[in-house]
Amino acid sequence: MRPIDHSVLKCCLFSLLLLPVSAADPPSNAAILASETTAGNASNTANAGQAPNTSTNTSNTASTNQPFNTASTNQPSNTASTNQPSNTATSSRATTPSCTTRRCLASMLIAKEALSQPQSPSCISNISVPLIVYETLSVDTKDLRFESHLQVMLSWEDPDLSWDTSVYHHDMVVLPVSKIWTPELHVTNGVQTTIKHGNKDLLVHSNGTIEHMVIMNTVVGCEVNLYNYPFASDFCPIAINVWALKGCGMFLNFGNVSTTSANRGDWLTENVELDAKGGRDDRNYLWVSLKMRSENPFLSLVLPSILIIVADVVSFSLPLGGGERISFKVTLVLSFIMFLIILNDLLPGGGQCSPIIRKHFCFCLVILVLSTLQSMVLTRLAKCGTLWPCSLSKSKDSLLKDTDNEEESKSDIKASEEEKNTALQKVVKFLNKMAAQDQKNAIHHRFANKVDLICFCIYLTVLIVYAVVILYFSFGSQCKINQLDFWS
């Protein structure tokens, strides 16, 4: 039987004692080297098969086990574990910027050069419009345009402009608007639009949300319904949209609308609402309700036209002879022409719903001219009893006078031959002629006055019928215009 090698047994026991330590802490490089050395020595001892001297083997075993001191073994491991947190702190200090002020944050964001639209996975940027402040500046009824002023608040997100608040301890920062991309609005039905930034800076939040304001002055072509002028009212759209093409671009989300300075000249802004044509998100517009303040145009145009017609009706009381009626009516016609010129400067030349007041002025002018011509004809009839021109009537009168002179000359010749008439007979004959002439003129005047009365009744009847018709069309009839036809 082979004797048991005591050195090998000691090595096995020592390995069992070190097993809990190895499970708790990973072995260091020195421990691994010592274990390899011990294993090598044990192997050499077994292979040699020499165990004559127990003390020698014991000494060798002790010398072999010396590196396996627990304190010396754990020392390198503790050193490594102690140095590991130090390396982590050094790396964190390397990533933290040295300057964390608000200006340094702004410089860092400006250096990103975010001058293009935020590139989202859906290729669409949602632009929020939380508030629009609207104001009507003027309404041009001649060219069918109206000018408005809008203050538009904008808000959108750009993830590239966000930052870590644990590094930069700021929730907001102000950046120049020239260094950051901003959405561009346009008015679809605008004739002339001017857009400028409300400020040279914009506000950026830590989550990438940007807030900005733009100011828009736009002239919109709107065919205002002037059919019931000066009692007109209508709606005009302002189509505010952004660029979008083939699924890419921008999308507007509207919020609230408020108005300021509702009274501008003769027009009043009653209400402003947000709407979309046909429910489409790419056709948004402001629906502006306008109403005309009728006091000024009524007092300056409609009332003078009514008073001129009333004066023309009263002028029938003037006598036909003497020319007073004709001169008065001519003055009325010239005055009415002046008001018609003023009206043409205020109203458009045409359109779908032509103003009914234009037809009113044309009718009144025709009535005035016809009334003046009627007075001229009746004056001639009352004076001469005929409608022939003056030259023809004078020639007839001269022929009658010549015949009378010839008869008188013949009678004078006979009287001279027989005897001259007395002065009393001549006076009687002259008075008879004057009476006959007055009687003839009275007949002409009575006939002219009868015709004038008939014309007055016809004239008054036409005016009454016209007043009823014009009131019906002014307040009982409506004309509608499609204000959204610019999209079709």
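- Applying side-chain contact (heavy atoms from CB on, under 4.5 Å) to W156 and the options S128, S125, P183 leaves one that passes, P183.
- A distance of 9.0 Å separates CG in L347 from CZ in F361, rounded to the nearest 0.5 Å.
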>> Does H186 form a side chain to side chain contact (heavy atoms under 4.5 Å, CB included) with T188? I'd like the steps, not just the answer.
In response: CA-CA 6 Å; H186 67 270; T188 306; 4.2 Å; yes
> Can you list the steps and then say if V333 with T331 is a side chain to side chain contact (heavy atoms under 4.5 Å, CB included)?
Replying inline: CA-CA 5 Å; V333 171; T331 304; over 6 Å; no
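- Comment: D452 engages R325 in a salt bridge, judged by a side-chain N to carboxylate O separation of less than 4.0 angstrom.
- Between the side chain of R358 and the backbone N or O of N344, no donor-acceptor pair lies under 3.5 Å.
- Crowding of M376 atom CE: a count of heavy atoms from other residues, nucleotides or ligands under 6.0 Å not exceeding 12.
- Within the 3.5 Å criterion, the main-chain N or O of V174 finds no donor-acceptor partner in the side chain of D201.
- Residue M434 places its CE atom among 12 or fewer non-hydrogen atoms of other residues, nucleotides or ligands, all under 6.0 Å distant.
- The structure places CD1 of I342 at 12.5 Å from CD1 of I337, a figure rounded to the nearest 0.5 Å.
- Judged by distance alone, the side chains of T269 and T136 do bring a donor and an acceptor atom under 3.5 Å apart.
- What you find for H170 and W163 is that their closest heavy atoms are O-NE1, 2.8 Å.
- The list of disulfide (SG to SG under 2.5 Å) pairs with a residue in residues 123-187, not counting sequence neighbours, reads C123-C248.
- Residues Y134 and V288 approach most closely at OH-CG1, 3.6 Å, considering heavy atoms.
- For the side chain to side chain donor-acceptor pair (under 3.5 Å) test, no residue two or more places apart in sequence or in another chain qualifies with D158.
- When only modelled atom types and interatomic distance are considered, D485 and Q483 share no side-chain donor-acceptor pair under 3.5 Å.
- Under a cut-off of 6.0 angstrom, the local environment of CG in N256 is sparse, with at most 12 non-hydrogen atoms contributed by other residues, nucleotides or ligands.
- Evaluation of the disulfide bond (SG atoms under 2.5 Å apart) rule for C353 yields C479 as partners, not counting sequence neighbours.
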Could you list the donor-acceptor pairs under 3.5 angstrom formed by side chains in residues 297-313, with sequence neighbours left out?
from : atom 1 : to   : atom 2 : distance (Å)
S300 : OG     : N296 : O      : 2.8
S305 : OG     : V302 : O      : 2.5
S305 : OG     : H360 : NE2    : 3.1
D312 : OD1    : K329 : NZ     : 2.7
D312 : OD1    : S371 : OG     : 3.4
D312 : OD2    : S371 : OG     : 3.2
D312 : OD2    : Y459 : OH     : 2.3

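- The shortest side-chain heavy-atom distance between N253 and F251 falls under the 4.5 Å cut-off.
- Counting only residues at least two apart or in different chains, salt bridge (Lys or Arg N to Asp or Glu O under 4.0 Å) contacts with residues 112-139 comprise E135-R264.
- With 3.5 Å as the limit, one finds no donor-acceptor pair spanning the side chains of S155 and E211.
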> Step by step, would you call V468 with Y466 a side chain to side chain contact (heavy atoms under 4.5 Å, CB included)?
Replying inline: CA-CA 5 Å; V468 174; Y466 170 74; over 6 Å; no
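- In this structure, R293 places its CZ atom where only 12 or fewer heavy-atom neighbours from other residues, nucleotides or ligands lie under 6.0 Å away.
- At most 12 heavy atoms of other shown residues, nucleotides or ligands fall within 6.0 angstrom of atom NZ in K450.
- T193 contributes no side-chain N or O that, together with a main-chain N or O of G190, makes up a donor-acceptor pair within less than 3.5 Å.
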> Step by step, would you call E273 with N271 a side chain to side chain donor-acceptor pair (under 3.5 Å)?
Replying inline: CA-CA 7 Å; E273 297 179 354; N271 190 21; 2.9 Å; yes
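- Partners of H169 according to the ring-ring contact (aromatic ring centres under 6.0 Å, His included) rule, which considers only residues two or more places apart in sequence or in another chain, do not exist here.
- Between Y285 and A239, the shortest heavy-atom distance links the atoms CB-CA, 3.7 Å.
- Distance check, rounded to the nearest 0.5 Å: OH of Y168 to CG of D164 gives 10.0 Å.
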>> For M216 and H149: C-alpha separation, side-chain torsions, deciding distance, then whether side chain to side chain contact (heavy atoms under 4.5 Å, CB included) applies.
In response: CA-CA 6 Å; M216 302 176 61; H149 175 82; over 6 Å; no
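- Here the side chain of N241 pairs a donor or acceptor atom with the backbone of N284 at under 3.5 angstrom.
- T209 OG1 to L161 CG: the interatomic distance, rounded to the nearest 0.5 Å, is 10.5 Å.
- Between the CD1 atom of I215 and the CE atom of M213 there is a distance of 4.5 Å, given to the nearest 0.5 Å.
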